[in-house]
Amino acid sequence: MGAGEEDAAAAWEKVEAKEERIMVSVRVRPLNGRESGDSSDWECISPTTVMFRSTVPDRAMFPTAYTYDRVFGPNCSTRQVYEEGAKEVSLSVVSGINSSIFAYGQTSSGKTYTMTGITEYNVMDIYDYIEKVEFVLKFSAIEIYNEAVRDLLSHDTTPLRLLDDPEKGTTVEKLTEETLRDKDHLRDLLGMCEAQREIGETALNEESSRSHQILRLTIESSVKQYLGRSKSSTLVSCVNFVDLAESERASQTASAGMRLKEGSHMN
(Lines give C-alpha, C1' and ligand atoms only; values in the text may rest on other atoms or scores of the structure.)
Protein backbone atom coordinates (compact mmCIF):
# COMPACT_ATOMS: atom_id res chain seq x y z
CA MET A 1 0.00 0.00 0.00
CA GLY A 2 1.47 3.37 -1.05
CA ALA A 3 1.71 6.45 1.14
CA GLY A 4 -1.33 8.06 -0.53
CA GLU A 5 -3.41 4.91 -0.03
CA GLU A 6 -2.38 4.71 3.63
CA ASP A 7 -3.45 8.33 4.11
CA ALA A 8 -6.84 7.61 2.53
CA ALA A 9 -7.36 4.51 4.66
CA ALA A 10 -6.43 6.40 7.82
CA ALA A 11 -8.77 9.25 6.89
CA TRP A 12 -11.63 6.78 6.39
CA GLU A 13 -11.06 5.16 9.78
CA LYS A 14 -10.94 8.54 11.54
CA VAL A 15 -14.18 9.90 10.09
CA GLU A 16 -16.53 10.29 13.03
CA ALA A 17 -19.04 12.75 14.46
CA LYS A 18 -17.24 15.85 15.65
CA GLU A 19 -18.33 19.03 17.31
CA GLU A 20 -19.31 21.63 14.76
CA ARG A 21 -16.88 24.52 14.54
CA ILE A 22 -17.27 27.98 13.02
CA MET A 23 -14.24 30.10 12.21
CA VAL A 24 -14.51 33.78 11.34
CA SER A 25 -11.83 35.68 9.43
CA VAL A 26 -11.78 39.30 8.26
CA ARG A 27 -10.00 40.60 5.17
CA VAL A 28 -9.43 44.33 4.83
CA ARG A 29 -8.90 45.29 1.19
CA PRO A 30 -6.73 48.20 0.01
CA LEU A 31 -8.39 51.42 -1.13
CA ASN A 32 -9.40 51.42 -4.80
CA GLY A 33 -9.11 54.16 -7.40
CA ARG A 34 -12.43 55.69 -6.48
CA GLU A 35 -11.27 56.03 -2.88
CA SER A 36 -7.83 57.52 -3.64
CA GLY A 37 -7.08 60.38 -1.31
CA ASP A 38 -9.22 58.93 1.46
CA SER A 39 -7.89 57.20 4.56
CA SER A 40 -9.08 53.80 5.79
CA ASP A 41 -11.15 53.68 8.99
CA TRP A 42 -9.84 50.16 9.71
CA GLU A 43 -6.38 49.04 10.77
CA CYS A 44 -5.15 45.51 11.45
CA ILE A 45 -3.21 45.77 14.70
CA SER A 46 -2.53 42.05 15.16
CA PRO A 47 -3.16 38.75 13.31
CA THR A 48 -6.49 38.48 15.15
CA THR A 49 -7.56 42.07 15.86
CA VAL A 50 -8.84 44.91 13.69
CA MET A 51 -9.15 48.49 15.01
CA PHE A 52 -11.84 51.01 14.03
CA ARG A 53 -10.35 54.52 14.07
CA SER A 54 -13.19 56.66 12.73
CA THR A 55 -14.18 59.77 14.68
CA VAL A 56 -17.78 59.73 13.40
CA PRO A 57 -19.96 60.78 16.42
CA ASP A 58 -22.65 58.13 15.98
CA ARG A 59 -20.00 55.39 16.31
CA ALA A 60 -18.60 56.71 19.60
CA MET A 61 -20.48 54.10 21.66
CA PHE A 62 -19.17 51.17 19.62
CA PRO A 63 -16.05 49.20 20.64
CA THR A 64 -12.94 50.29 18.75
CA ALA A 65 -11.24 46.87 18.51
CA TYR A 66 -12.72 43.61 17.25
CA THR A 67 -11.12 40.17 17.62
CA TYR A 68 -11.65 37.24 15.22
CA ASP A 69 -9.99 33.90 14.50
CA ARG A 70 -7.83 35.60 11.87
CA VAL A 71 -7.48 39.11 10.42
CA PHE A 72 -5.82 39.84 7.06
CA GLY A 73 -4.57 43.32 6.20
CA PRO A 74 -4.63 45.15 2.84
CA ASN A 75 -1.23 43.76 1.82
CA CYS A 76 -2.19 40.10 2.32
CA SER A 77 -2.53 38.03 -0.85
CA THR A 78 -5.50 35.78 -1.58
CA ARG A 79 -3.07 32.87 -1.34
CA GLN A 80 -2.26 33.83 2.26
CA VAL A 81 -5.97 34.23 3.06
CA TYR A 82 -6.56 30.72 1.72
CA GLU A 83 -3.56 29.12 3.46
CA GLU A 84 -4.25 30.62 6.89
CA GLY A 85 -8.01 31.15 6.86
CA ALA A 86 -9.66 28.55 4.63
CA LYS A 87 -7.35 25.67 3.69
CA GLU A 88 -7.89 23.52 6.77
CA VAL A 89 -11.67 23.86 6.50
CA SER A 90 -11.92 23.29 2.76
CA LEU A 91 -9.52 20.32 2.66
CA SER A 92 -11.48 18.48 5.35
CA VAL A 93 -13.56 17.26 2.40
CA VAL A 94 -10.86 14.68 1.52
CA SER A 95 -11.45 13.10 4.94
CA GLY A 96 -15.20 12.81 4.39
CA ILE A 97 -16.15 15.92 6.35
CA ASN A 98 -18.60 18.35 4.76
CA SER A 99 -17.73 22.04 5.05
CA SER A 100 -18.79 25.46 3.81
CA ILE A 101 -16.95 28.74 3.33
CA PHE A 102 -19.01 31.94 3.26
CA ALA A 103 -18.00 35.42 2.09
CA TYR A 104 -20.10 38.22 3.59
CA GLY A 105 -19.68 41.96 3.33
CA GLN A 106 -20.74 45.24 1.80
CA THR A 107 -20.87 45.79 -1.94
CA SER A 108 -17.44 46.34 -3.54
CA SER A 109 -15.66 44.81 -0.54
CA GLY A 110 -13.97 42.08 -2.62
CA LYS A 111 -16.07 39.01 -1.76
CA THR A 112 -16.23 37.54 -5.27
CA TYR A 113 -12.53 38.25 -5.88
CA THR A 114 -11.59 36.45 -2.67
CA MET A 115 -13.95 33.49 -3.13
CA THR A 116 -12.81 32.88 -6.72
CA GLY A 117 -9.20 32.66 -5.55
CA ILE A 118 -10.01 30.41 -2.59
CA THR A 119 -12.01 28.04 -4.82
CA GLU A 120 -9.18 27.71 -7.34
CA TYR A 121 -6.50 27.17 -4.67
CA ASN A 122 -8.65 24.54 -2.96
CA VAL A 123 -9.18 22.59 -6.19
CA MET A 124 -5.44 22.66 -6.94
CA ASP A 125 -4.70 21.23 -3.48
CA ILE A 126 -7.38 18.57 -3.89
CA TYR A 127 -5.90 17.54 -7.24
CA ASP A 128 -2.46 17.31 -5.65
CA TYR A 129 -3.98 14.94 -3.10
CA ILE A 130 -6.10 12.80 -5.41
CA GLU A 131 -3.19 12.14 -7.75
CA LYS A 132 -2.06 9.68 -5.08
CA VAL A 133 -5.39 7.85 -4.75
CA GLU A 134 -8.54 7.25 -6.78
CA PHE A 135 -11.11 10.03 -6.47
CA VAL A 136 -13.87 11.47 -8.61
CA LEU A 137 -14.33 15.23 -8.30
CA LYS A 138 -17.67 16.77 -9.30
CA PHE A 139 -18.69 20.41 -9.60
CA SER A 140 -22.07 22.18 -9.55
CA ALA A 141 -23.09 25.82 -9.27
CA ILE A 142 -26.29 27.72 -8.53
CA GLU A 143 -27.34 31.28 -7.94
CA ILE A 144 -30.28 32.53 -5.91
CA TYR A 145 -31.68 35.66 -7.56
CA ASN A 146 -34.92 37.27 -6.36
CA GLU A 147 -35.58 34.06 -4.39
CA ALA A 148 -35.38 31.87 -7.52
CA VAL A 149 -32.73 29.14 -7.88
CA ARG A 150 -30.91 28.93 -11.24
CA ASP A 151 -28.31 26.52 -12.61
CA LEU A 152 -25.16 28.49 -13.53
CA LEU A 153 -23.84 25.59 -15.64
CA SER A 154 -26.87 25.65 -17.93
CA HIS A 155 -28.10 28.27 -20.37
CA ASP A 156 -31.68 27.37 -19.41
CA THR A 157 -32.90 30.15 -17.09
CA THR A 158 -35.93 28.21 -15.82
CA PRO A 159 -35.98 28.30 -11.97
CA LEU A 160 -35.17 24.98 -10.32
CA ARG A 161 -37.16 23.32 -7.54
CA LEU A 162 -35.79 22.47 -4.11
CA LEU A 163 -36.61 18.95 -2.92
CA ASP A 164 -36.31 17.33 0.51
CA ASP A 165 -34.53 13.98 0.33
CA PRO A 166 -34.70 11.82 3.50
CA GLU A 167 -31.07 10.73 3.03
CA LYS A 168 -29.38 13.64 1.22
CA GLY A 169 -31.34 16.48 2.79
CA THR A 170 -32.27 19.45 0.59
CA THR A 171 -31.43 18.88 -3.09
CA VAL A 172 -31.89 20.91 -6.27
CA GLU A 173 -33.93 19.15 -8.94
CA LYS A 174 -32.28 18.72 -12.37
CA LEU A 175 -29.11 20.50 -11.30
CA THR A 176 -26.14 20.04 -13.65
CA GLU A 177 -23.16 18.29 -12.08
CA GLU A 178 -19.93 18.18 -14.08
CA THR A 179 -17.20 15.61 -13.46
CA LEU A 180 -14.00 17.62 -13.52
CA ARG A 181 -11.32 16.48 -15.95
CA ASP A 182 -8.55 18.75 -14.70
CA LYS A 183 -7.83 22.19 -13.25
CA ASP A 184 -8.33 23.94 -16.58
CA HIS A 185 -11.80 22.40 -16.85
CA LEU A 186 -12.70 23.98 -13.51
CA ARG A 187 -11.43 27.40 -14.66
CA ASP A 188 -13.64 27.13 -17.75
CA LEU A 189 -16.66 26.32 -15.58
CA LEU A 190 -15.90 29.18 -13.20
CA GLY A 191 -15.74 31.52 -16.19
CA MET A 192 -19.15 30.25 -17.32
CA CYS A 193 -20.60 30.91 -13.86
CA GLU A 194 -19.16 34.42 -13.80
CA ALA A 195 -20.62 35.19 -17.24
CA GLN A 196 -24.10 33.99 -16.29
CA ARG A 197 -24.37 35.45 -12.80
CA GLU A 198 -26.64 38.45 -12.27
CA ILE A 199 -24.71 41.69 -11.82
CA GLY A 200 -25.76 45.33 -11.97
CA GLU A 201 -24.51 48.84 -11.36
CA THR A 202 -25.14 50.65 -8.08
CA ALA A 203 -23.85 53.89 -6.64
CA LEU A 204 -21.13 51.93 -4.81
CA ASN A 205 -20.10 49.39 -7.44
CA GLU A 206 -20.28 49.30 -11.23
CA GLU A 207 -20.44 45.48 -11.22
CA SER A 208 -22.35 44.60 -8.07
CA SER A 209 -23.30 40.95 -7.51
CA ARG A 210 -27.09 40.87 -7.34
CA SER A 211 -27.45 37.21 -6.40
CA HIS A 212 -26.12 34.66 -3.92
CA GLN A 213 -23.79 32.13 -5.56
CA ILE A 214 -23.06 28.63 -4.25
CA LEU A 215 -20.29 26.57 -5.82
CA ARG A 216 -20.08 22.95 -4.68
CA LEU A 217 -17.24 20.44 -5.02
CA THR A 218 -18.16 16.83 -4.30
CA ILE A 219 -15.52 14.15 -3.79
CA GLU A 220 -16.36 10.48 -4.22
CA SER A 221 -13.84 7.76 -3.41
CA SER A 222 -14.02 3.98 -3.20
CA VAL A 223 -12.29 2.61 -0.09
CA LYS A 224 -12.59 -1.12 -0.76
CA GLN A 225 -9.08 -1.28 -2.18
CA TYR A 226 -7.65 0.48 0.87
CA LEU A 227 -9.42 -1.40 3.63
CA GLY A 228 -9.86 -4.83 2.07
CA ARG A 229 -13.51 -5.03 3.07
CA SER A 230 -15.78 -7.62 1.48
CA LYS A 231 -18.27 -4.95 0.49
CA SER A 232 -17.20 -1.84 -1.34
CA SER A 233 -17.83 1.42 0.45
CA THR A 234 -17.94 4.90 -0.97
CA LEU A 235 -16.81 8.00 0.86
CA VAL A 236 -18.73 11.06 -0.34
CA SER A 237 -18.22 14.57 0.99
CA CYS A 238 -18.55 18.09 -0.30
CA VAL A 239 -17.30 21.62 0.29
CA ASN A 240 -19.46 24.65 -0.51
CA PHE A 241 -18.09 28.04 -1.51
CA VAL A 242 -20.80 30.62 -0.81
CA ASP A 243 -20.47 34.11 -2.27
CA LEU A 244 -23.31 36.07 -0.73
CA ALA A 245 -24.81 39.05 -2.54
CA GLU A 246 -23.89 42.51 -1.33
CA SER A 247 -24.85 43.45 2.21
CA GLU A 248 -26.08 46.99 1.67
CA ARG A 249 -28.48 49.74 2.58
CA ALA A 250 -30.75 51.17 -0.09
CA SER A 251 -29.72 54.68 0.96
CA GLN A 252 -26.04 53.89 0.35
CA THR A 253 -26.54 52.44 -3.11
CA ALA A 254 -29.27 54.90 -4.23
CA SER A 255 -31.38 51.88 -5.13
CA ALA A 256 -34.74 52.27 -6.83
CA GLY A 257 -37.00 50.15 -9.01
CA MET A 258 -35.46 46.79 -9.88
CA ARG A 259 -32.34 47.43 -7.77
CA LEU A 260 -34.51 48.13 -4.72
CA LYS A 261 -36.48 44.92 -5.31
CA GLU A 262 -33.24 42.94 -5.67
CA GLY A 263 -31.88 44.45 -2.46
CA SER A 264 -34.95 43.48 -0.45
CA HIS A 265 -34.63 39.85 -1.60
CA MET A 266 -30.87 39.80 -0.99
CA ASN A 267 -31.14 41.06 2.57
Side-chain angles (χ1 to χ4, degrees), residues 20-92 99-122 124-125 190 194 197 199-215 239-255 259 263 266-267:
E20 291 188 3
R21 183 182 180 191
I22 297 176
M23 297 181 62
V24 181
S25 299
V26 171
R27 185 183 193 184
V28 179
R29 68 161 173 77
L31 299 179
N32 57 33
R34 182 184 296 182
E35 300 158 339
S36 60
D38 296 339
S39 59
S40 176
D41 290 336
W42 298 93
E43 179 183 351
C44 300
I45 60 175
S46 81
T48 58
T49 306
V50 60
M51 177 77 75
F52 183 71
R53 297 192 179 279
S54 177
T55 57
V56 178
D58 62 358
R59 295 297 302 270
M61 298 301 294
F62 285 75
T64 57
Y66 300 83
T67 300
Y68 301 92
D69 292 296
R70 188 67 172 86
V71 169
F72 300 94
N75 296 324
C76 288
S77 65
T78 302
R79 181 80 201 192
Q80 183 178 353
V81 173
Y82 168 70
E83 291 285 345
E84 300 178 20
K87 183 174 181 177
E88 181 181 357
V89 175
S90 61
L91 280 185
S92 63
S99 61
S100 294
I101 298 176
F102 288 81
Y104 175 81
Q106 184 176 323
T107 184
S108 194
S109 59
K111 298 183 301 301
T112 300
Y113 177 85
T114 299
M115 287 303 294
T116 299
I118 286 176
T119 302
E120 291 187 0
Y121 287 132
N122 179 237
M124 286 190 288
D125 280 347
L190 289 175
E194 182 179 356
R197 190 177 179 189
I199 62 173
E201 182 177 358
T202 71
L204 294 180
N205 191 356
E206 294 179 356
E207 294 186 353
S208 171
S209 301
R210 312 309 296 168
S211 65
H212 305 302
Q213 176 181 262
I214 304 175
L215 308 179
V239 54
N240 299 296
F241 301 93
V242 185
D243 182 11
L244 296 175
E246 326 298 7
S247 171
E248 57 190 26
R249 295 178 181 176
S251 58
Q252 289 180 301
T253 56
S255 297
R259 293 288 173 264
M266 286 154 43
N267 292 333

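Note that the numbering runs from 1 along the sequence shown for the chain. This one's a predicted model, so the numbers in the text were calculated from it and none came from an experiment.
Side-chain contact between Val71 and Met51 is absent, with no heavy-atom pair separated by less than 4.5 Å.
Put simply, CD on Glu194 and OG1 on Thr116 are 6.5 Å apart, with the number rounded to the nearest 0.5 Å. Here Glu83 contributes atom CD and Tyr121 contributes atom OH; the two are 9.0 Å apart, rounded to the nearest 0.5 Å. Residue Ser40 holds its OG atom at 9.0 Å from CZ of Arg29, rounded to the nearest 0.5 Å. From Ile101, atom CD1 reaches atom CE of Met23 across 10.0 Å, with rounding to the nearest 0.5 Å. Here the straight-line distance linking atom CG of Asn75 with atom CD of Gln80 works out to 9.5 Å at 0.5 Å rounding.
Judged purely by atom type and a 3.5 angstrom limit, Arg27 uses its side chain to pair as donor or acceptor with the backbone of Cys76. Counting only distance, with no hydrogens or angles, the side chain of His212 and the backbone of Ala245 share a donor-acceptor pair below 3.5 Å. Here the side chain of Ser90 pairs a donor or acceptor atom with the backbone of Ala86 at under 3.5 angstrom. Although no hydrogens or angles enter the test, the distance criterion places a donor-acceptor pair under 3.5 Å between the side chain of Asp69 and the main chain of Val24.
Counting all heavy atoms, side chain and backbone alike, Tyr113 lies closest to Thr78 at CE2-OG1, 3.4 Å. Scanning both residues, Asn32 and Ser108, for their nearest heavy atoms gives ND2-OG, 4.1 Å. The nearest pair of heavy atoms linking Asn122 to Tyr82 is CA-OH, 3.4 Å. Shortest non-hydrogen contact noted between Val50 and Tyr68 is CG1-CE1, 3.9 Å. Residues Met115 and Asp243 approach most closely at CG-CB, 4.3 Å, considering heavy atoms. Closest heavy-atom contact between Cys44 and Gly73: SG-CA, 3.5 Å.
Within 6.0 Å of CD on Glu88 lie no more than 12 heavy atoms contributed by other residues, nucleotides or ligands.
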